[in-house]
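Worksheet: one structure, shown below.
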Number of protein chains: 2
Amino acid sequence: MATERLDRQRVINAAVALLDAEGLDALSTRRLGTVLEASANAMYWHVGNKENLVGLATNAGFAELELRTDGESWRDRLAATARELRGLFTRHSWLTAAFSAHPRIHGPEIVRFQNHLLQVCQQAGFEGFDLDWAGATVFSFVIGDAWGQAQSPTPDDSSAMTTELLERVKTELTDYPLLLERYTALANADPATVDVASFEFGLCSMLDGLQAHLDHQNGTTSPNT
Amino acid sequence: MATERLDRQRVINAAVALLDAEGLDALSTRRLGTVLEASANAMYWHVGNKENLVGLATNAGFAELELRTDGESWRDRLAATARELRGLFTRHSWLTAAFSAHPRIHGPEIVRFQNHLLQVCQQAGFEGFDLDWAGATVFSFVIGDAWGQAQSPTPDDSSAMTTELLERVKTELTDYPLLLERYTALANADPATVDVASFEFGLCSMLDGLQAHLDHQNGTTSPNT
DNA sequence: ACCTGAACACCGTTCAAGT
DNA sequence: ACCTGAACACCGTTCAAGT
């Protein structure tokens, strides 16, 4: 009733809250209007249109990133950056869908992160296009990993439903015994620890791969430094 | 006028054609209806609903993958698999958005690919959960890379517009000289070759990283085999 | 079995009109 | 300057009714 005046930040905050709670599909101008106790089109004055609002929400997400530069080695710094980014995408699981739906999303906080990532790669010893490729490799892996986590988001049903589902899958995967074996092994493991372990394995592999590139670039003579 | 009877495959084919041509947002039940010279809701009998249709279209995409097992080494086979998957995602750029919007997508052709990926990783020497992590690492990287390519899809405007846009960006990136430098360097390069080079760099890094894991796992005594 | 027409509840966006 | 109400052109989906 005695609702405060709207402003851009309040609209963005409400959008982020709605996105976190119910996902990208739940964000509509009318739902946002009711949340803000305003008409459905009140937001247009503040954020232009919906696509722009999603962009602003995404940018607000990236503002959460703590970009530290005090790691002991480039490897530590790059790992910390990757983990920060991954944390962002798990806290706001709508981010991958938002980027996919609106590829033009950009903003100062996103730019800030990109610059940080490039800086860390530069300190590691990458130059020229290799700098871009190294940054893109890290970014791609983290995005792809977050994208994979979003694929299995529904432990709504407890173990009872799971075993029934497992039976159904068992008949579907009859031609692929290896896949069935891995599927059951993963189904019996704790999802949270599985996700972390999967990410850390990939991250470690990526860092080893980048390390190999740097070693080769600086001459393979002293690989033990 | 003398339109053939509808069937599930024709609906899927029309959906894929529409998706390829105009993207995920363009796929609506009514547009599909006009393409098929049928009513907007004719598809419901054949494919259930829209989400299911997108799943079927995705599955149809994965059917295109040629999964070869005749590589000389596990590294060749895994690289070939990754490149096949990347090709699929570049030919059908709506795939990342489709997966993001409907995380529950699955199907026999997708399962077939997953099994192939696991097989290749198994032949490489991975076992147990490492098998899953290795596969997930490759998959995540390829998805993330495809996702990145989709971010810069609009060379609609030729070089004239690009230079004007470059000026605008130059003021935005004034706080980030490193990012500005890399941005201009990339803007002056051929986008297609850039995309390929970026992917190949990341792929090579990933394979080196997996290689390092296998070496360590089998004992670091014989790294030259 | 397969398809249509009409209907329902929703959407993003615009724009005159209000304060 | 900021916001509302009504309107427009779209959605996905359902369902009785047709053949």
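From a predicted model like this one, the values you see are computed outputs, not experimental measurements. In what follows, chains are A, B, ... by sequence order, proteins preceding strands, each numbered from 1.
Counting non-hydrogen atoms under 4.0 angstrom, A:Arg31 reaches the backbone sugars and phosphates but no base.
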Verdict with supporting geometry, B:Tyr44 and B:Thr29, side-chain contact (heavy atoms from CB on, under 4.5 Å):
CA-CA 9 Å; B:Tyr44 280 87; B:Thr29 59; 3.8 Å; yes
Applying side-chain contact (heavy atoms from CB on, under 4.5 Å) to A:Leu32 and A:Leu27, what does each step give before you reach the verdict?
CA-CA 7 Å; A:Leu32 197 61; A:Leu27 180 68; 4.2 Å; yes
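Environment of OH in B:Tyr183: sparse, with no more than 12 heavy atoms of neighbouring residues, nucleotides or ligands closer than 6.0 Å.
Applying the salt bridge (charged side-chain N to carboxylate O under 4.0 Å, His left out) test to every pair with at least one member in residues 56-65 of chain A, sequence neighbours left out, gives these pairs: A:Glu64-A:Arg91.
Nearest heavy-atom pair across B:Thr81 and B:Phe113 is CG2-CE1, 3.6 Å.
Judged by distance alone, the side chain of B:Asp145 and the main-chain N or O of A:Ser140 form no donor-acceptor pair under 3.5 Å. No donor-acceptor pair under 3.5 Å is formed between the side chain of A:Ser93 and the backbone N or O of A:Thr90. Of the possible donor and acceptor atoms, one in the side chain of A:Arg182 sits under 3.5 Å from a partner among the backbone N and O of B:Gly128. Distance alone, capped at 3.5 Å, is enough to place a donor-acceptor pair between the B:Asn59 side chain and the B:Glu109 backbone.
Remark: A:Arg104 fails to qualify as a cation-pi partner of A:Phe99 under the 6.0 Å distance and 45° angle criteria applied to the six-membered ring.
Put simply, chain B comes within 4.0 Å of DNA chain C, heavy atom to any atom, from C:dA1 to C:dA6, going 5' to 3'.
Under the side chain to side chain contact (heavy atoms under 4.5 Å, CB included) criterion, B:Ala197 pairs with A:Trp133, not counting sequence neighbours.
Using a 4.0 Å cut-off on heavy atoms, the residues of residues 19-30 of chain A that approach DNA chain C are A:Leu27, A:Ser28, A:Thr29, A:Arg30, listed by number. Sorted by residue number, the members of residues 39-58 of chain B with any non-hydrogen atom under 4.0 Å from DNA chain C read B:Ser39, B:Asn41, B:Ala42, B:Trp45, B:His46.
Side-chain N/O atoms of B:His46 and B:Asp7 include no donor and acceptor closer than 3.5 Å.
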Dot-bracket summary - DNA chain D, pairs being Watson-Crick or G-U whose distances fall under 3.5 Å, with | when paired to another strand
||.|||||...|||||.||
